[in-house]
Amino acid sequence: MTAVPGALADAGAHRVRVSLGERSYDVIVGRRLLEQGHAFDSLSPGPHAVIVTNDVVGPLLAAQLTQALRARFSRVSQVTLPDGEAYKNWETLNHVFDALLAEHCDRNTTLVALGGGVVGDITGFAAACYMRGIAYIQVPTTLLAQVDSSVGGKTAINHPAGKNMIGAFHQPRLVVADVDSLLTLPRRELVAGLAEVIKYGAILDEAFLSWIEAGLARLLALDGDALIHAVRRSCQIKAEVVASDEREAGRRALLNFGHTFAHAIESGIGYGRWLHGEAVGCGMVLAARLSERLGLIQPQRARRLESIIEKAGLPTKPPDIDDKVLVEFMRVDKKAIEGSQRFVLLEGANGAVVAPATEELVERVLFECRSS
């Protein structure tokens with residue numbers, strides 16, 4: 001983490017640097033960032049910014065963001081998408097392209113994602129593809145997006161056969177995480193975001209996990225200082241991992257803890273029925289139980305994590321869907337190599353590892369978790 005200048009420092013904001021050489025950028029975390037606008041002061045002036053948002057977030061925050069961007073861009077326009085994971089597809093992506101072409105956007109145009117993970121992923125993918133790549137900024141408005149999907153440059157849309165299967169690595173120029181935007185979140189969305197926060201502690205920072213365990217009530221009560229610490233520390237951990245493994249050739253795969261199960265759940269029951277964070281919460285429980293089954297961890301580590309996830313209000317049992325269907329969706333997971341399924345699993349007292357597991361054992365864990 002590095003210091004922030006002037007007005008941002010006075011406002012109590014924090015800056016986390018994602019160090020990727022010429023693709024490096026800052027994550028600014030704080031309160032009243034959209035209202036004050038200083039979080040965008042590092043941007044070079046540009047001719048045109050296009051805000052991509054959805055029909056829920058747009059009416060709440062787009063006008064404020066537009067005002068902030070006008071200090072840096074000659075023109076600011078907006079594209080509004082329907083809300084929900086079910087719209088993270090080719091049709092919605094093409095709607096963005098249609099709007100950019102209709103406005104004669106060129107390579108100097110900057111896209112600005114205002115919304116949660118779906119908006120961020122679609123906007124980033126559109127930026128990666130349009131005219132072979134243009135700049136974009138992430139302004140995440142959900143806890144899940146602030147702590148995870150807005151940082152690291154993963155962009156994608158879903159395919160009926162698997163979640164996030166079509167996409168590109170394309171790093172943003174800036175991430176602005178205003179925790180005040182979380183005050184408008186439905187409680188279900190807030191709870192879903194906690195899954196990714198818990199994930200960081202579970203796999204990479206035992207002290208952070210203990211802080212989460214002790215501070216769940218403050219986070220659920222939308223305590224500003226607690227939210228800032230949760231977002232800042234999560235972004236610090238992710239920035240460190242991404243800087244060492246930008247394209248997920250090794251260590252970055254650990255950030256997918258719980259996600260192999262989660263993506264299968266989302267695909268199996270239909271996109272949007274469970275929020276992504278809800279699926280991740282359940283996925284972490286399943287991954288911890290699989291870790292225990294394989295003898296990688298002691299039972300108390302799995303039980304402790306399951307207790308934290310349950311106290312956060314996240315689901316701990318998989319949905320009522322045939323286990324063989326879930327296993328089938330896991331076969332298209334991006335960590336699979338030559339048909340061999342691999343999972344991010346807990347190891348030892350506070351570590352994690354990518355390791356294989358048989359389909360038979362996975363089905364047994366699914367059955368036992370559902371039955372317990």
**Fill in**
One should read off an interatomic distance between Glu246 CD and Arg252 CZ, to the nearest 0.5 angstrom, of 7.5 Å

**Prompt:** Going by heavy atoms in the side chains, are His229 and Phe208 under 4.5 Å from each other?
**Reply:** yes

**Message:** Can a donor-acceptor pair be found, under 3.5 Å and without considering hydrogens, that links the side chain of Gln171 to the backbone of Gly153?
**Reply:** yes

**Prompt:** Which pair of heavy atoms, one from Ser42 and one from Leu174, lies closest together, and at what distance?
**Reply:** OG-CD1, 4.4 Å

**Complete:** Closest non-hydrogen atoms of Ile51 and Ala62, given as atom of the first, atom of the second and distance, are CD1-O, 4.1 Å

**Request:** Examine distances only and state if a side-chain atom of His259 and a backbone atom of Phe257 form a donor-acceptor pair shorter than 3.5 Å.
**Result:** yes

**Prompt:** Between Ala192 and Leu275, which heavy-atom pair has the shortest distance, and what is it?
**Reply:** CB-CD1, 3.9 Å

**Asked** Under 4.5 Å between side-chain heavy atoms, hopping through other hydrophobics if needed: is there a path connecting Ile122 to Tyr271?
**Response** no

**Item:** Atom pair CD1/CG of Ile134 and Asp106 - distance to nearest 0.5 Å
**Value:** 8.5 Å

**Prompt:** Would a distance-only check, ignoring hydrogens and angles, find a side-chain to backbone donor-acceptor pair under 3.5 Å from Asp26 to Arg15?
**Reply:** no

**Item:** Distance in Å, Glu240 CD paired with Cys235 SG, rounded so as to fall on 0.5 Å steps
**Value:** 11.0 Å

**Message:** To the closest 0.5 Å, what do you measure between CZ (Arg289) and CZ (Arg364)?
**Reply:** 14.0 Å

**Request:** Mark yes or no for whether Arg370, through its side chain, and Asp323, through its backbone, hold a donor-acceptor pair below 3.5 Å.
**Result:** no

**Message:** Check for me, please, whether Val151 and Leu204 land in the same ILVMFWY cluster - side-chain distances under 4.5 Å, paths through other members count.
**Reply:** yes

**Asked** Hey, which of Arg293, Glu360, Glu292 is the one that makes side-chain contact (heavy atoms from CB on, under 4.5 Å) with Val365?
**Response** Arg293

**Any donor-acceptor pair under 3.5 Å from Tyr87 side chain to Val118 backbone** = no

**Request:** Quick one: closest heavy-atom pair of Ala264 and Met330, and the distance?
**Result:** CB-CG, 3.7 Å

**Message:** Please determine whether a side-chain nitrogen of the Lys or Arg among Lys199 and Glu196 lies less than 4.0 Å from a carboxylate oxygen of the Asp or Glu.
**Reply:** yes

**Message:** Side chains of Val79 and Leu111, heavy atoms from C-beta outward: is any pair under 4.5 Å?
**Reply:** no

**Message:** Show the nearest heavy-atom pair for residues Val112 and Ala49, with the distance to one decimal.
**Reply:** CG2-CB, 4.3 Å

**Message:** For Arg32, is there an ion pair with Asp180 - N to carboxylate O distance below 4.0 angstrom?
**Reply:** no

**Request:** Flag the pair Asp205 / Arg233 as yes when at least one side-chain heavy-atom distance between them is below 4.5 Å, and no otherwise.
**Result:** yes

**Message:** Can you tell me how far apart CG (Leu254) and CG (Leu346) are? Round to the nearest 0.5 Å.
**Reply:** 10.5 Å

**Asked** Between the side chain of Thr109 and the main-chain N/O of His48, is any donor-acceptor distance below 3.5 Å?
**Response** no

**Cluster link Val29 to Tyr25, ILVMFWY, side chain under 4.5 Å** = yes

**Asked** Got a second to check how far Arg218's CZ is from Leu227's CG, nearest 0.5 Å?
**Response** 9.0 Å

**Prompt:** Is there a chain of hydrophobic side chains (I, L, V, M, F, W, Y, each step under 4.5 Å between heavy atoms) that links Val52 to Trp90?
**Reply:** yes

**Request:** Indicate the atoms forming the closest heavy-atom contact of Gly117 with Thr142, along with that distance.
**Result:** N-OG1, 4.3 Å

**Asked** Is there a side-chain contact between Leu222 and Leu185, using heavy atoms and a 4.5 Å cut-off?
**Response** no

**Prompt:** When Glu278 is tested against each of Arg188, Lys317, Arg273 for salt bridge (Lys or Arg N to Asp or Glu O under 4.0 Å), which residue passes?
**Reply:** Arg188

**Prompt:** Between the main-chain N or O of Asn158 and the side-chain N or O of Asn164, is there a donor-acceptor pair closer than 3.5 Å?
**Reply:** no

**Message:** Taking the side chain as everything from C-beta on, heavy atoms only, tell me whether Ile198 gets closer than 4.5 Å to Leu209.
**Reply:** yes

**Request:** Write out all pairs satisfying side chain to side chain donor-acceptor pair (under 3.5 Å) with one or both partners inside residues 118-133, taking only residues at least two apart or from two chains.
**Result:** Lys88-Asp121

**Prompt:** Would you say the side chain of His95 lies within less than 4.5 Å of the side chain of Glu91, judging by non-hydrogen atoms?
**Reply:** no

**Leu255 vs Ile203 side-chain heavy atoms within contact, under 4.5 Å** = yes

**Message:** Strictly distance-based, threshold 3.5 Å: is any side-chain N or O of Asp245 a donor or acceptor partner for the main-chain N or O of Gly250?
**Reply:** yes

**Prompt:** Between the side chain of Ser291 and the main-chain N/O of Ile297, is any donor-acceptor distance below 3.5 Å?
**Reply:** no

**Request:** Spell out, as yes or no, whether a donor-acceptor pair under 3.5 Å connects the side chain of Tyr200 to the backbone of Val147.
**Result:** yes

**Prompt:** Is there side-chain contact between Val139 and Leu33, with heavy atoms separated by less than 4.5 Å?
**Reply:** no

**Heavy atoms of other groups near Phe97 CZ, more than 12 under 6.0 Å** = yes

**Asked** Just wondering, more than 12 heavy atoms not from Glu310 lying within 6.0 Å of its CD?
**Response** no

**Asked** If Ile, Leu, Val, Met, Phe, Trp and Tyr residues are connected whenever their side-chain heavy atoms lie under 4.5 Å apart, and connections chain through other members, are Ile309 and Val344 in the same group?
**Response** yes

